[in-house]
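For reference, the structure is listed below as structure tokens.
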Amino acid sequence: MTIQQPEDNAQYQTDNNLSIRQRLHQQYSTNKRGLMPWLRHQMTIHSGDCILELGCGNGSLWQGYLGQLPSTVALTLSDYSQGMVDLVTNQFGNDQRVNCMKIDAQSIPFSDESFDIVIANHTLHTVPDIALAIREIARVLKPHGTFYTAVNGNQGMEHYLHEAIQSIQPTNMAFAEQLSFNLQNGVPQLDRAFSQVHRRDYPDSLHITKTQDLIAWIQSTNMADDGIDDKLLQELTAYFETLRQRNGAIDIPKQVGLLIAEK
Ligand SMILES: C[S@@+](CC[C@H](N)C(=O)[O-])C[C@H]1O[C@@H](n2cnc3c(N)ncnc32)[C@H](O)[C@@H]1O
């Protein structure tokens, strides 16, 4: 039985929140290679491959890259949010190789062994029944097909922010909870459905020179649900601004990488 996910998840109805977070990483990441170019380099794509991306968001993986793909690939870009599907349809829908559709990763509307590659970057932790989604992904992959999933680790930005918040409000648990699917706990979850799982880490950190951009990142999350109210946000702003003035920037660790699962 599929766990019903709300259709109207405000966080992902449009890419407003996602783009605020993407901009912070684009602007302030110390690894100038860029996560998207690195991720694309890790993926082996052959002529004729059928590729499915789940939770494609605003299509950032393919921006400036679609032209380099072989002319014979078939690429299905999908997301559970109709707003995201509309965005990628506007961007990529004219390309004959691309098909855009709304798909719930827990119930993929394709027959067994349809795809050479499935991709789900930063998406599985948002899915209610991750084990079901992983079984679905393995089912629609051809024998020897590959699943690529970029994920954050538990020692990155959220961990840093949790410690900063606790230094102001010791009982606050914002950003304390580990993602249900991350760089560490994702490997044993994939092991159940795939023959081999590899982890590749992307070394990076943030060097943020404008406090307000970090505050906008916090505001773009489900911060009220996490116990961050306006008063705490003001205190955090003062805390980070002091750090920025003292050190010239706010330096934050990142932990991100790619799990590659072979069927
Ligand atoms: C954090 S965003 C990642 C977007 C993009 N992959 C990226 O890396 O920028 C997570 C995406 O997963 C989508 N999503 C949430 N639940 C989903 C589900 N059950 N099936 C497919 N996509 C889902 C959201 O709508 C959102 O676009």
Side-chain angles (χ1 to χ4, degrees), residues 1-26 29 34-40 42-43 51-66 75-92 98-110 115 117-140 147-153 156-158 175 179-183 186 189 202 204 217-218 220-223 254-259:
M1 194 188 72
T2 310
I3 301 174
Q4 205 52 45
Q5 192 175 358
E7 289 275 339
D8 58 347
N9 182 350
Q11 177 61 230
Y12 294 120
Q13 252 169 22
T14 69
D15 74 335
N16 290 353
N17 292 315
L18 183 61
S19 333
I20 288 171
R21 298 197 286 273
Q22 287 170 336
R23 271 200 300 276
L24 185 92
H25 289 285
Q26 278 157 10
S29 287
L35 180 62
M36 293 301 153
W38 179 81
L39 287 175
R40 296 189 291 245
Q42 309 308 309
M43 297 177 185
I51 306 166
L52 169 66
E53 185 177 14
L54 299 164
C56 66
N58 55 12
S60 54
L61 184 62
W62 308 102
Q63 283 156 14
Y65 176 61
L66 212 54
L75 173 62
T76 300
L77 297 180
S78 74
D79 200 284
Y80 187 60
S81 150
Q82 185 60 49
M84 297 296 193
V85 177
D86 293 345
L87 276 173
V88 289
T89 305
N90 283 339
Q91 277 183 87
F92 306 115
V98 178
N99 171 36
C100 302
M101 60 194 285
K102 177 173 168 164
I103 295 180
D104 179 351
Q106 300 166 111
S107 169
I108 302 176
F110 287 101
F115 294 96
I117 294 172
V118 176
I119 300 166
N121 291 336
H122 300 294
T123 288
L124 287 181
H125 70 278
T126 65
V127 173
D129 189 338
I130 299 174
L132 176 58
I134 291 173
R135 285 198 299 278
E136 277 292 89
I137 291 164
R139 180 184 67 75
V140 299
F147 175 48
Y148 295 101
T149 179
V151 276
N152 289 338
M157 183 173 182
E158 282 82 358
F175 302 116
L179 295 182
S180 49
F181 189 88
N182 66 26
L183 208 45
Q189 296 185 67
Y202 176 74
D204 206 358
W217 186 100
I218 295 172
S220 81
T221 66
N222 296 329
M223 98 181 172
K254 274 169 65 163
Q255 193 177 42
V256 62
L258 181 66
L259 301 179

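Owing to the predicted nature of the structure, the values given are computational and were not obtained by experimental measurement. Ligands are counted one by one from 1 in listed order, and the atoms in each one are counted from 1 as well.
Checked against a 3.5 angstrom limit, the closest N/O atoms of Asp79 and ligand 1 fall inside it. Inclusion of Tyr12 in the set of residues having an N or O under 3.5 Å from an N or O of ligand 1 is not warranted. Of the polar atoms of Leu54, none of the N or O atoms is found under 3.5 Å from an N or O of ligand 1, judged by distance alone.
Distances below 4.0 Å separate heavy atoms of Val127 from the following atoms of ligand 1: 18 (C), 19 (N). Per-residue contacts place Ser60 under 4.0 angstrom from the following atoms of ligand 1 (heavy atoms of the residue considered): 9 (O). Close approach to Asp104 involves these atoms of ligand 1, each under 4.0 Å from a residue heavy atom: 18 (C), 19 (N), 20 (N). Atoms of ligand 1 found under 4.0 Å from any heavy atom of Ile103 (numbered from 1 in listed order, with element): 20 (N), 21 (C). Interface atoms of ligand 1 facing Gln22, defined by a heavy-atom separation under 4.0 Å, are 9 (O). Per-residue contacts place Met84 under 4.0 angstrom from the following atoms of ligand 1 (heavy atoms of the residue considered): 27 (O). Close contacts between ligand 1 and Gly57 involve ligand atoms 4 (C), 27 (O) [criterion: under 4.0 Å to a heavy atom].
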Worksheet entry | Derivation and outcome, side-chain contact (heavy atoms from CB on, under 4.5 Å), residues Leu75 and Val98 | CA-CA 5 Å; Leu75 173 62; Val98 178; 4.2 Å; yes
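Both the backbone and the side chain of His122 come within contact range of ligand 1, each with a heavy atom under 4.0 Å. At a heavy-atom cutoff of 4.0 Å, ligand 1 is contacted by no atom of Ala133, backbone or side chain.
Looking only at side-chain heavy atoms (C-beta outward), Leu24 and Met157 come within less than 4.5 Å of each other. You'll find the side chain of Ile137 stays beyond 4.5 Å of the side chain of Thr149, heavy atoms only. Contact annotation: the side chain of Tyr148 approaches that of Leu258 to within less than 4.5 Å [non-hydrogen atoms, C-beta and beyond].
Between Phe115 and Phe110, the angle of the ring planes goes over 60°, which puts this pair in the perpendicular group of the 30/60° scheme.
Take Glu136 and apply the salt bridge (Lys or Arg N to Asp or Glu O under 4.0 Å) test, not counting sequence neighbours, and it matches Arg139. Every residue two or more places apart in sequence or in another chain that forms a side chain to side chain donor-acceptor pair (under 3.5 Å) with Asp15 is listed here: Ser19, Asn58.
Of the N and O atoms on the side chains of Trp62 and Glu53, at least one donor lies less than 3.5 Å from an acceptor on the other residue.
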